[in-house]
Colleague: 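The structure's right below; bear with me while I get my questions together.
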Amino acid sequence: IFQTPIPGDGDITALAVMDGALFVFKRREVYAIAGEAPSDNGASGGLGAPRRVSCDVGCIDSRTTCTTALAIFFQSERGIEVLTRAQSVEWIGEPFLTTLASFPVCTSITVEPVSNTVRVELAASESAGLVTGSGCTLVYDLSLRCWVSKDIRTAQEVLGRPSQSACMLYTGTAWRYAWLSTDARVFCETPGTSL
């Protein structure tokens, strides 16, 4: 009863929700589906027919989607993109073509609401599901609507390490940005310092 076939080529790579619509990503396509949540007995509600978003890119990895008040951030084959609330796709990663060539594996995209930024974690390579080599973090300011930095970890303990994953973590008193290293340690950002 609740199935909705998605047209186009290939498998679904990611899902995201924005403004009451479900967005279904494939490697080179994005579909929007509107509708209401179905009732418990399936008598009312449900998703409508998928409508293809006018773009020639899609999402290459489900880890790289992040919904913000501005847009849905995701990684395509050409780099970092946003699907705006007007349902158009914009390539915002063009300034980091060289960086993405050196760090092509995006392990997470996370919104950090305290500083109103989006953090994009990148790694040099990945083997058997674990990132390897070095890494960096791209920071996009949602208020300014532009990239504000490319950060490489410089503290001796984490020098150049890639992030396996990242998220917002509640530490008992505040929400803090945290990332997971490949040796299973969690590092939390000191509030107000970006360190």
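The basis for the numbers below is simple: all heavy atoms, side chains too, and nothing from hydrogens, waters or symmetry mates. Since this is a predicted model, take the numbers as computed values, not measurements.
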Colleague: Do D141 and T117 meet the criterion of a side-chain donor-acceptor pair at a distance under 3.5 Å?
Modeller: no
Colleague: Taking atom types as modelled, is there a side-chain donor on E121 or T137 under 3.5 Å from an acceptor on the other?
Modeller: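 Side-chain D/A pair, E121 to T137: present.
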Colleague: Which pair of heavy atoms, one from D61 and one from R63, lies closest together, and at what distance?
Modeller: OD2-NH2, 2.8 Å
Colleague: Can V24 be reached from F74 by stepping across I, L, V, M, F, W or Y side chains whose heavy atoms are under 4.5 Å apart?
Modeller: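 Shared cluster, no.
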Colleague: Pair T64, S108 - check side-chain contact (heavy atoms from CB on, under 4.5 Å), show working.
Modeller: CA-CA 5 Å; T64 70; S108 64; over 6 Å; no
Colleague: Which is it for R161 and D183 under the salt bridge (charged side-chain N to carboxylate O under 4.0 Å, His left out) test, yes or no, and what are the steps along the way?
Modeller: CA-CA 10 Å; R161 283 190 187 189; D183 61 359; 3.1 Å; yes
Colleague: With distance as the sole test, does T107 use its side chain to make a donor-acceptor pair with the main-chain N or O of S163 at under 3.5 Å?
Modeller: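 Side chain of T107 to backbone of S163, a donor-acceptor pair under 3.5 Å: yes, one is there.
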Colleague: Would you check if T4 and P50 make a side-chain contact, meaning some heavy-atom pair closer than 4.5 Å?
Modeller: yes
Colleague: Please answer whether the main-chain N or O of I60 pairs with a side-chain N or O of K26 as donor and acceptor at a distance below 3.5 Å.
Modeller: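 Between the backbone of I60 and the side chain of K26 there is no qualifying donor-acceptor contact (under 3.5 Å).
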Colleague: Please list all pairs meeting side-chain hydrogen bond (donor to acceptor under 3.5 Å, both in side chains) that have one or both residues in residues 68-80, counting only residues at least two apart or in different chains.
Modeller: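 Only R27-E77, R28-E77, S76-E81, R78-E81 qualify under side-chain hydrogen bond (donor to acceptor under 3.5 Å, both in side chains).
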Colleague: How would you list, by chain and number, every residue that makes a ring-ring contact (aromatic ring centres under 6.0 Å, His included) with W175, sequence neighbours excluded?
Modeller: Y170
Colleague: Nearest 0.5 Å please: distance from the CD atom of Q87 over to the SG atom of C55.
Modeller: 10.5 Å
Colleague: Please tell me if the side chains of C106 and I109 come closer than 4.5 Å, counting only heavy atoms from C-beta onward.
Modeller: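 The answer is yes; the side chains approach within 4.5 Å.
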Colleague: So, for Y31 and F25, is the gap between ring centers shorter than 6.0 Å?
Modeller: no
Colleague: Measure the shortest side-chain to side-chain distance between T182 and V131 over non-hydrogen atoms and say whether it is less than 4.5 angstrom.
Modeller: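 The answer is yes, as the side chains (C-beta and beyond) meet within the 4.5 Å cut-off.
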Colleague: Could you give me the CA-CA distance, side-chain angles and deciding distance for I33 and R51, then say whether side-chain contact (heavy atoms from CB on, under 4.5 Å) is met?
Modeller: CA-CA 6 Å; I33 305 174; R51 179 187 53 80; over 6 Å; no
Colleague: Between CG of D11 and CD1 of I6, what distance do you get to the nearest 0.5 Å?
Modeller: 12.0 Å
Colleague: So do V120 and I80 actually touch side chain to side chain, heavy atoms under 4.5 Å?
Modeller: yes
Colleague: Would you kindly confirm whether I92 and V111 end up in one hydrophobic cluster when ILVMFWY residues are joined by side chain heavy atoms under 4.5 Å apart?
Modeller: yes
Colleague: Do L15 and F23 have side-chain heavy atoms sitting under 4.5 Å apart?
Modeller: no
Colleague: Taking C-beta and beyond as the side chain, do L138 and F96 meet within less than 4.5 Å on heavy atoms?
Modeller: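 Of all side-chain heavy-atom pairs linking F96 with L138, at least one is under 4.5 Å.
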Colleague: Can you tell me if R145 has over 12 outside heavy atoms packed within less than 6.0 Å of its CZ?
Modeller: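 Result for CZ/R145: open.
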Colleague: Measuring from Y140:OH to C146:SG, what's the distance to the nearest 0.5 Å?
Modeller: 6.5 Å
Colleague: Determine the minimum heavy-atom distance between C136 and K150, stating which atoms define it.
Modeller: SG-CG, 4.3 Å
Colleague: Is it possible for you to say whether V139 and W179 belong to one hydrophobic cluster, with membership spreading through side-chain heavy-atom contacts below 4.5 Å?
Modeller: no
Colleague: Heavy atoms, side chains only, cut-off 4.5 Å: are V105 and L122 in contact?
Modeller: no
Colleague: side-chain contact (heavy atoms from CB on, under 4.5 Å) between M168 and E189: does it pass, once the steps are laid out?
Modeller: CA-CA 10 Å; M168 292 302 296; E189 187 175 84; over 6 Å; no
Colleague: Is there a chain of hydrophobic side chains (I, L, V, M, F, W, Y, each step under 4.5 Å between heavy atoms) that links W147 to L142?
Modeller: yes
Colleague: Side-chain contact test, heavy atoms from C-beta onward, threshold under 4.5 Å: evaluate it for E90 versus T84 and give yes or no.
Modeller: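 The answer is yes, as the side chains (C-beta and beyond) meet within the 4.5 Å cut-off.
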Colleague: Looking just at side-chain N and O atoms, do T132 and S125 make a donor-acceptor pair shorter than 3.5 Å?
Modeller: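 Result is yes, a qualifying pair exists.
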Colleague: Verify the cluster assignment for F103 and V118: are they in a single hydrophobic cluster under the rule of side-chain heavy atoms below 4.5 Å apart?
Modeller: yes
Colleague: Does the pair R176 and L169 meet the rule for a side-chain contact (heavy atoms from CB on, under 4.5 Å), with working shown?
Modeller: CA-CA 5 Å; R176 295 163 60 185; L169 180 68; 5.5 Å; no
Colleague: Using modelled atom types and a 3.5 Å cut-off, is there a donor and acceptor pairing between side-chain atoms of T13 and backbone atoms of C59?
Modeller: yes
Colleague: Of all the heavy-atom pairs spanning W91 and G79, show the shortest one and how long it is.
Modeller: NE1-CA, 4.2 Å
